[in-house]
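Contents: one structure, followed by commentary.
All of these numbers come straight from a predicted model, not from anything done at the bench.
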Protein chains: 2
Amino acid sequence: MGLTAERVTLVGAELADEVGLEHVTMSAVARRLGVKDASLYAHVRNLDDLRGRIALLAADEKTVRIAEATAGRAGRDALVAYANAWRAYAHECPGRYTATQTPMEIDPELVARATGPRRAIELTYRMLRAYELDEPDLTDAVRLLRSTLHGFVSLEAAGGFAHARPAEATWARSLDALHTLLENWPAHPTEGDST
Amino acid sequence: MGLTAERVTLVGAELADEVGLEHVTMSAVARRLGVKDASLYAHVRNLDDLRGRIALLAADEKTVRIAEATAGRAGRDALVAYANAWRAYAHECPGRYTATQTPMEIDPELVARATGPRRAIELTYRMLRAYELDEPDLTDAVRLLRSTLHGFVSLEAAGGFAHARPAEATWARSLDALHTLLENWPAHPTEGDST
DNA sequence: GATATAACCTAAGGGCTCTAGGAAAGGGGT
DNA sequence: ACCCCTTTCCTAGAGCCCTTAGGTTATATC
């Protein structure tokens with residue numbers, strides 16, 4: 001009793017973490033809510049809409065986690081806290097996390113109301129301020145950081161790392177590497193062709 | 001006429017590039033082959049099996065591309081060629097690429113016959129040999145490299161980079177950064193807590 | 001020529017998405 | 001007290017997809 005878009009989204013998110021985002025289905029969500037499939041369409045436009053809402057919810061949650069983790073920290077400390085919060089979220093909420101990363105068109109009106117993605121970007125730029133990079137280096141650094149973190153957890157989730165060496169160890173080394181890289185950011189792009 | 005598992009897989013791969021891996025469906029593949037859905041089951045166990053075969057095909061193709069691109073190169077040249085071949089494959093064959101990255105259980109017998117994944121690893125280790133890293137640093141470097149490349153193209157595909165600065169420029173800088181990072185690989189892991 | 005095998009078919013069950021239209025319950029105004 | 005309206009959920013049903021079972025035809029084998 002008392003369905004709302006939020007409740008539907010939340011159940012969808014839980015389901016995504018349990019069985020994978022691709023198995024989040026209208027029927028399954030309805031089943032879990034003790035309701036018929038058709039009833040969901042009063043609160044959510046369709047399956048894609050639901051997935052978009054899950055993505056936005058996840059983006060918000062992830063941003064909050066990172067914000068809490070980095071609060072009051074700076075420099076290397078902040079970087080490590082940022083990265084660990086990112087990875088922890090991906091581990092705890094795999095379905096939600098992949099939702100944030102799945103390319104899809106989300107209702108622009110919903111996006112406008114969501115604060116997560118915007119805040120995430122500000123947060124990242126602020127966190128990197130300690131490294132004193134100027135544009136466009138700052139943007140490049142933000143992108144490289146996001147690429148590395150996302151790539152790592154994504155490969156990890158896909159089972160891309162053989163068991164030989166614990167992923168944990170590689171993670172620590174990677175953060176080290178990222179930190180020293182940010183501190184010694186190559187001053188000028190070598191004008192070599194990279195095409 | 002003359003369906004084979006290979007032909008089904010190939011059509012599936014084409015379809016994946018055109019409409020996205022998640023829209024590769026038995027019906028769609030059958031339609032494109034001018035055949036009834038049920039006929040495919042003589043050559044492919046089921047939809048998951050088909051997707052697994054696409055993934056293996058893609059892994060092979062990507063490995064070949066990278067091998068060709070890096071042949072006869074070393075050091076920075078090899079790194080740039082490797083990375084560009086990786087990214088080019090992801091751009092040209094987005095559906096196949098995401099297949100390589102989708103976590104799924106593939107028929108072990110098929111995996112055993114696929115040379116792509118194995119070769120890819122050898123290739124990467126060989127390519128990084130110029131940087132003269134010892135284990136376990138070498139493994140960490142391989143993982144970091146793969147993380148960064150995959151993360152970048154993945155974010156790029158998901159529309160994660162706003163249009164402000166061309167992704168191309170960030171890519172070039174990132175390769176620079178990766179190169180200098182590999183040349184000055186931090187000697188010893190700082191024993192800081194990263195948990 | 002008889003038989004086995006491979007390649008493809010029709011038929012059918014069951015799950016999922018989504019639309020259309022209906023019943024029941026609560027609130028507001030008169 | 002009554003009416004109406006809105007909300008919330010329902011049933012019914014069309015359409016697509018996955019998958020199995022069992023039949024048909026053509027080709028290869030003996």
Lys/Arg N to Asp/Glu carboxylate O, D176(B) vs R76(B), below 4.0 Å: yes
S39(A) vs dT8(D): side-chain N/O to OP1/OP2 distance below 4.0 Å: no
For F161(A) against S147(B), the heavy-atom pair lying closest together: CZ-OG, 3.9 Å
Whole-Å distance separating the NE2 atom of H43(A) from the C1' atom of dC10(D): 12 Å
Any residue meeting side chain to side chain donor-acceptor pair (under 3.5 Å) with E92(B), in chain and number order, not counting sequence neighbours: R65(B)
Any pair counted as salt bridge (charged side-chain N to carboxylate O under 4.0 Å, His left out), so long as it reaches residues 33-56 of chain A, sequence neighbours left out: R45(A)-D107(A), D49(A)-R53(A)
Contact summary for L138(B) and L128(B), nearest pair of heavy atoms: CD1-CB, 4.0 Å
Summary of protein contacts for nucleotides 14-20 of chain D, nucleotide by nucleotide, where a base hit scores B, a sugar-phosphate-only hit scores S (4.0 Å, heavy atoms): ---SSBB
Interatomic distance, K36(A) NZ vs dC10(D) P [rounded to whole Å]: 7 Å
